[in-house]
Q: 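One structure coming up, written as structure tokens, with questions to follow.
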Amino acid sequence: MKEKHTAIVLAAGSGKRMHSQVQKQYMDLFGRPVLYYALRQFEECEFIDEVILVTKKDEIAYCREQIVEVYHLQKVKDIIEGGEERYLSVYNALKAAGACDYIYIHDGARPFVDQEMLQRLKEAVCTYGACVAAVPSKDTLKLADEALFAKETLKRSEVWNIQTPQVFAYPDILGAYEKMMQEDHTKMGITDDAMVLEKMEGQKVKLVEGSYYNIKITTPEDLDIAEIFVKKCNLQEN
């Protein structure tokens, strides 16, 4: 029986650091919203069966009419309302996903996920059960004390910048989220999905080669960089 691979694309963030009235995931990037580029990659991925798009309640109609329908994104199974925090949006989507084998959780503000990366993640999750896209840190990183003095320099060869997609065996990540929701999750400081699995189940998560192109658009400078990447990857022609 064919395994089912479902993607969750998160587009419910407020994007306060962008300093714009337009949410970052909907900002124009060569005539198309930023969100389109990530959705297109999942649409074209041969092993992704369905996509669940998560957005704000008052943006569901816009996403359906101006993105999904305009760009003929047939794999978008559902568009659902997100939560006040990222992990709550993920939990809503996990419940909506229903029966599947593997789940790919991706930030809609990362437009440069690519097919090669998705293939690497598929191979890793089928082997290890949990994996995340990541790249080695290019910078020296230091831990700071409360007075903002450097107290420790981390070994750069052991430091990776974590990206999305983050991919998991569906029963494992759903179970971890359900366990977390039964506890005081507001004080856990959850920053990504791998952290939920690590904290709740003690499961190791495999790091898989992502891409330095796979940036998250968060500030106005990121949008400038994204324009360069679109040209370099010829994505404006797709």
Q: Donor-acceptor pair, distance only, cut-off 3.5 Å: does the side chain of Arg120 make one with the backbone of Glu209?
A: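 Indeed, once roles are kept as given, a pair shorter than 3.5 Å links the two residues.
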Q: Atom CZ of Phe229 and atom CG of Leu235: how far apart are they, to the nearest 0.5 Å?
A: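 If I round to the nearest 0.5 Å, the distance is 11.0 Å.
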Q: State whether a side-chain donor-acceptor pair under 3.5 Å links Glu123 with Gln119.
A: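 Note: Glu123 and Gln119 side chains meet the donor-acceptor criterion.
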Q: Do Thr186 and Glu85 have side chains that get closer than 4.5 Å, going by heavy atoms?
A: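 No, their side chains stay 4.5 Å or more apart.
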Q: Which value, rounded to the nearest 0.5 Å, describes the distance between Glu183 atom CD and Lys199 atom NZ?
A: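 Taking CD in Glu183 and NZ in Lys199, the distance rounds to 9.5 Å.
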Q: Using a 6.0 Å cut-off, check whether atom OH of Tyr213 has over 12 heavy atoms from anything other than its own residue.
A: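 No.
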Q: Looking only at atom types and distance, does a side-chain atom of Lys24 sit under 3.5 Å from a main-chain N or O of Ala109, one as donor and one as acceptor?
A: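 Side chain of Lys24 to backbone of Ala109: no pair is present.
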Q: For the residue pair Glu227 and Leu29, establish whether any side-chain heavy-atom pair is separated by less than 4.5 Å.
A: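 The answer is yes; the side chains approach within 4.5 Å.
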Q: For the atom pair SG (Cys63) and CD1 (Ile80), what is the distance rounded to the nearest 0.5 Å?
A: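 If I round to the nearest 0.5 Å, the distance is 12.0 Å.
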Q: Can you tell if the side chain of Ile105 reaches within under 4.5 Å of the side chain of Phe168, non-hydrogen atoms only?
A: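 Yes, at least one pair of side-chain atoms sits under 4.5 Å.
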Q: Which atom names give the shortest non-hydrogen contact between Pro171 and Asp101, and what distance separates them?
A: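 Looking at all heavy atoms of both residues, the closest pair is CD-O, 4.1 Å.
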Q: Measure up the Phe47 and Tyr104 rings against each other and bin them: parallel (under 30°), tilted (30 to 60°), perpendicular (over 60°).
A: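 Judged by the thresholds at 30° and 60°, the geometry between Phe47 and Tyr104 is tilted.
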Q: I want to check something: taking the side chain as every heavy atom from C-beta on, are Met117 and Pro165 in contact at a cut-off of under 4.5 Å?
A: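 Result yes, sub-4.5 Å side-chain heavy-atom pair found.
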Q: For residues Leu207 and Ile162, determine if any side-chain heavy atom of one lies less than 4.5 Å from a side-chain heavy atom of the other.
A: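 Yes. Closest side-chain heavy atoms under 4.5 Å.
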Q: Do Leu73 and Val51 come within less than 4.5 Å of each other through their side chains, counting heavy atoms only?
A: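 In short, these two side chains do not touch, never coming nearer than 4.5 Å.
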Q: Verify the distance criterion only: is there a donor paired with an acceptor across the side chains of Gln41 and Gln115 at less than 3.5 Å?
A: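 Yes, side-chain donor-acceptor contact under 3.5 Å.
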Q: Measure the shortest side-chain to side-chain distance between Asp107 and Arg86 over non-hydrogen atoms and say whether it is less than 4.5 angstrom.
A: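 Asp107 reaches Arg86 side chain to side chain.
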Q: Just wondering, more than 12 heavy atoms not from Tyr128 lying within 6.0 Å of its OH?
A: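 No - once you tally the heavy atoms of other residues, nucleotides and ligands closer than 6.0 Å, there are 12 at most.
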Q: At their closest point, which heavy atom of Leu197 faces which heavy atom of Ala176, and how far apart are they?
A: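 Between these two residues, the closest heavy atoms are CD1-CB, 3.8 Å.
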Q: Of all the heavy-atom pairs spanning Val54 and Gly82, show the shortest one and how long it is.
A: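 The pair with the smallest heavy-atom distance is CG1-CA, 3.4 Å.
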Q: For the residue pair Tyr91 and Tyr177, does the interplanar ring angle fall in the parallel (under 30°), tilted (30 to 60°) or perpendicular (over 60°) class?
A: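 Tyr91 and Tyr177: parallel rings.
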Q: At what distance, to the nearest 0.5 angstrom, does CG of Asn92 lie from CD of Glu81?
A: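 Going from the CG atom of Asn92 to the CD atom of Glu81 covers 7.5 Å.
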Q: Among Tyr102, Phe42, Tyr170, exactly one meets ring-ring contact (aromatic ring centres under 6.0 Å, His included) together with His5. Which residue is that?
A: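 Looking at Tyr102, Phe42, Tyr170, the match for His5 under the ring-ring contact (aromatic ring centres under 6.0 Å, His included) is Tyr102.
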Q: How close do Ser211 and Val135 get, heavy atom to heavy atom, and via which atoms?
A: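 Scanning both residues completely, I find the closest heavy atoms to be N-CG1, 3.5 Å.
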Q: Quick check: closest heavy atoms across Gly83 and Leu88, and the distance to 0.1 Å?
A: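 It is CA-CB, 4.0 Å.
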Q: Is there a side-chain contact between Thr164 and Asp193 in this structure, where contact means two heavy atoms from C-beta onward sitting under 4.5 Å apart?
A: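 A side-chain contact is absent here, since even the closest heavy-atom pair is not under 4.5 Å.
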Q: Could you tell me whether Lys2 atom NZ has more than 12 heavy atoms of other residues or ligands within 6.0 Å of it?
A: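 Yes, because the 6.0 Å sphere around NZ of Lys2 holds more than 12 heavy atoms from other groups.
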Q: Atom NZ of residue position Lys204 - does it have more than 12 heavy atoms of other residues, nucleotides or ligands inside 6.0 Å?
A: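 No, the 6.0 Å shell around NZ holds no more than 12 heavy atoms from other groups.
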Q: Let me confirm one number: the CD-CD1 distance from Gln166 to Ile8, rounded to the nearest 0.5 Å.
A: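 Result: 11.5 Å between the selected atoms.
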Q: Quick check: closest heavy atoms across Val208 and Ala124, and the distance to 0.1 Å?
A: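 Looks like CG2-CB, 3.4 Å.
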Q: Is a donor on one side and an acceptor on the other found under 3.5 Å between the side chain of Thr55 and the backbone of Ala11?
A: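 Checking the backbone N and O of Ala11 against the side chain of Thr55, a donor-acceptor pair under 3.5 Å is found.
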Q: What distance separates Tyr26 OH from Leu35 CG, expressed to the nearest 0.5 Å?
A: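 With rounding to 0.5 Å, OH (Tyr26) is 6.5 Å from CG (Leu35).
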